[in-house]
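Before any comments, here is the structure.
In what follows, every chain begins at residue 1, and chains take the letters A, B, ... in the order their sequences are listed. Below, each value reflects all heavy atoms present in this structure, side chains not excepted, and no hydrogens, waters or symmetry copies.
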Amino acid sequence: MAKPNTPQAIRGTQDIFGADAEAFAFVVETFERVRKLYRFRRVEMPVFEKTDVFSRAIGETTDVVSKEMYSFLDRGDESLTLRPEFTAGIARAYLTNGWQQHAPLKVATHGPLFRYERPQKGRYRQFHQIDAEIIGAAEPQADVELLAMADQVIRELGIEGVTLHLNTLGDGDSRDAWRAALVGYFGAVRGELSEDSQERLEKNPLRILDSKDPRDRKFVADAPKIDAFLSDEARAFFDAVTSGLDAAGVKWARAESLVRGLDYYRHTAFEFVPDEGSAAAAALGSQSTILGGGRYDGLMESLGGAPTPAVGWAAGIERLAMLVGEVGDDQLDVVVFAENDEAIPYCIDLVTKLRVAGGPGDGFIAEMIVTGSPKKRFQKASKAGAREIVRLHVEDNGSLAYHVHVQNNETSQVTDFLKHDWPPVQKS
RNA sequence: GCGAUCGUAGCUCAGUUGGUUAGAGCGCCGGUUUGUGGUACCGGAGGUCGGGGGUUCGAGACCCCUCGAUCGCCCCA
């Protein structure tokens with residue numbers, strides 16, 4: 001328990017350590033490796049922007065903006081916001097830096113994001129995502145490539161029991177017609193809907209489709225489907241996406257109720273969701289979507305840019321990390337301990353040289369132990385879990401003695417190093 | 001914003017219907033044993049029982065407030 005005068009961490013922030021931190025790093029490393037295979041270029045973005053960047057991208061009216069952004073005034077009384085997503089900032093950079101010249105632009109990034117929400121399982125105020133966007137590509141093959149990469153990331157993380165749920169929201173006209181039909185359909189049974197959904201009827205009727213309330217669910221199955229309202233172009237686009245996914249070998253399932261909360265989404269919308277009853281679903285609790293995204297052809301205009309097609313996704317690193325299983329620390333190769341304090345300088349010298357041996361990337365993973373009684377030092381060395389233990393001791397006559405203990409009768413790599421690369425010393 | 005559960009050593013937790021100096025395991029430190037050795041045994045340090053107020057002869061236990069955590073609802077870019 002922290003002392004009362006120790007400042008507490010901010011609600012919803014995490015101090016990630018040990019196995020969790022290793023899993024986190026594994027997710028990031030895997031993402032970095034895979035995105036290079038697809039030639040997504042790395043971008044580094046500011047963690048905060050003018051509030052306008054997000055409020056205009058997301059839409060002023062939603063309570064997402066009014067309640068759930070981490071906004072504050074700086075010393076010049078300008079309203080700034082800690083980024084709640086990557087997309088809006090990347091769109092802003094695309095417009096302000098003239099990245100149009102690189103279109104179609106494939107970019108990837110990862111880092112912390114901030115939303116002023118109540119923390120729960122898999123949901124934090126400061127959380128972390130990996131993110132990929134293709135900007136300036138109107139063709140459905142861009143959606144396919146983006147999804148193929150997402151699928152590969154998840155598979156290379158070793159995550160099982162997760163399925164790509166796919167839907168189309170159509171173009172602007174399709175979407176508006178569908179929305180009107182839904183309002184008509186649910187409006188007719190308004191009184192039988194949950195209180196929340198009666199509210200959603202006004203604010204966000206599409207969201208009724210993924211309500212958890214049984215009172216709503218019984219109407220959802222027979223609700224109007226987007227397919228009935230798709231224009232020929234929108235239908236052709238979706239068909240091209242699905243056939244492309246089949247060609248890429250990406251498994252998917254149609255999810256007619258999958259929608260996006262924001263108006264700028266068009267055409268493709270998708271989420272990778274754990275299968276019901278899977279280990280992944282059990283591990284995640286109620287916050288189950290691990291990767292989500294879609295096509296946001298309407299976004300650039302809301303930021304004052306020319307109409308620009310784009311598609312992207314983001315995935316929560318914490319949620320992915322919960323699914324990758326145990327990722328241990330790297331095996332410790334060798335631990336060096338000084339049996340008496342006279343041997344400490346030798347100990348420092350040896351452990352340093354072991355770590356740089358063989359050049360970058362090839363050094364021994366090494367620790368040293370120089371505290372406690374001689375017996376304690378050996379006990380610590382034994383418990384460290386190293387393959388090899390080197391004991392250093394300076395004799396009364398000032399000469400150095402060393403002895404190498406090798407676990408499990410493996411051959412000693414350190415002994416070889418000591419013979420060739422360490423100042424010759426007397427062996428005990 | 002709303003709801004439920006929880007908050008005792010560094011960590012994981014015990015603490016009976018409120019009753020003397022608050023316990024265990026692990027970890028840490030020291031010692032004995034062993035004696036090229038991760039063992040076993042002994043000992044030690046470490047707690048304003050989240051904080052504040054109240055009830056009571058007496059509160060870690062009961063009541064109120066507060067802070068925090070966990071999980072869920074809303075929302076989900």
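Nearest to the side chain of A:Arg391, among B:C74, B:A77, B:U36, sits B:U36.
Residue contacts for A:Arg83: at a heavy-atom cut-off of 4.0 Å it reaches no nucleic acid atom on any strand shown.
Scanning for ring-ring contact (aromatic ring centres under 6.0 Å, His included) contacts around A:Phe238 gives an empty result, with sequence neighbours left out. Partners of A:Glu256 under the salt bridge (Lys or Arg N to Asp or Glu O under 4.0 Å) rule, at least two apart in sequence or in another chain, do not exist in this structure. Qualifying salt bridge (Lys or Arg N to Asp or Glu O under 4.0 Å) partners for A:Arg260, counting only residues two or more places apart in sequence or in other chains: A:Glu271. Applying the side chain to side chain donor-acceptor pair (under 3.5 Å) test to A:Thr308 and every residue at least two apart in sequence or in another chain returns nothing.
Among residues at least two apart or in separate chains, side-chain hydrogen bond (donor to acceptor under 3.5 Å, both in side chains) pairs with a member in residues 177-191 of chain A are A:Arg190-A:Glu202. The ring pair (Phe, Tyr, Trp, His ring centres under 6.0 Å) pairs that include a residue from residues 324-344 of chain A are A:Phe337-A:Phe378, where partners are two or more places apart or lie in different chains. Residue pairs that meet the salt bridge (charged side-chain N to carboxylate O under 4.0 Å, His left out) test with at least one member in residues 281-292 of chain A, sequence neighbours left out, do not exist here.
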Might you list the N or O atoms of the protein lying below 3.5 Å from N or O atoms in nucleotides 40-42 of chain B, with each pair's distance?
none

Provide a list of protein-nucleic acid N or O atom pairs under 3.5 angstrom, restricted to nucleotides 26-29 of chain B.
residue : atom : partner  : partner atom : Å
B:C29   : OP1  : A:Lys380 : NZ           : 3.2

With the criterion being N/O to N/O and under 3.5 Å, what pairs connect the protein with nucleotides 2-4 of chain B, and how long is each?
residue : atom : partner  : partner atom : Å
B:C2    : N4   : A:Arg118 : NH1          : 3.3

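Scanning atom types as modelled, no donor and acceptor separated by under 3.5 angstrom connect the side chain of A:Arg207 and the base of B:C74.
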Using residues 118-125 of chain A as the side-chain source, report each donor-acceptor pair under 3.5 Å to any protein atom, sequence neighbours left out, with the distance given to one decimal.
residue  : atom : partner  : partner atom : Å
A:Arg123 : NH2  : A:Glu117 : OE2          : 2.8
A:Arg125 : NE   : A:Glu117 : O            : 2.7

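A close approach under 4.0 Å does not occur between any side-chain nitrogen or oxygen of A:Gln8 and OP1 or OP2 of B:G68. For the OP1/OP2 pair of B:A77 and a distance below 4.0 Å, the side-chain nitrogens and oxygens of A:Thr87 include no atom meeting the criterion.
Stem regions for RNA chain B, each three or more consecutive Watson-Crick or G-U pairs with both distances under 3.5 Å and listed by first number, read B:1-7 with B:67-73, B:10-13 with B:23-26, B:28-32 with B:40-44, B:50-54 with B:62-66.
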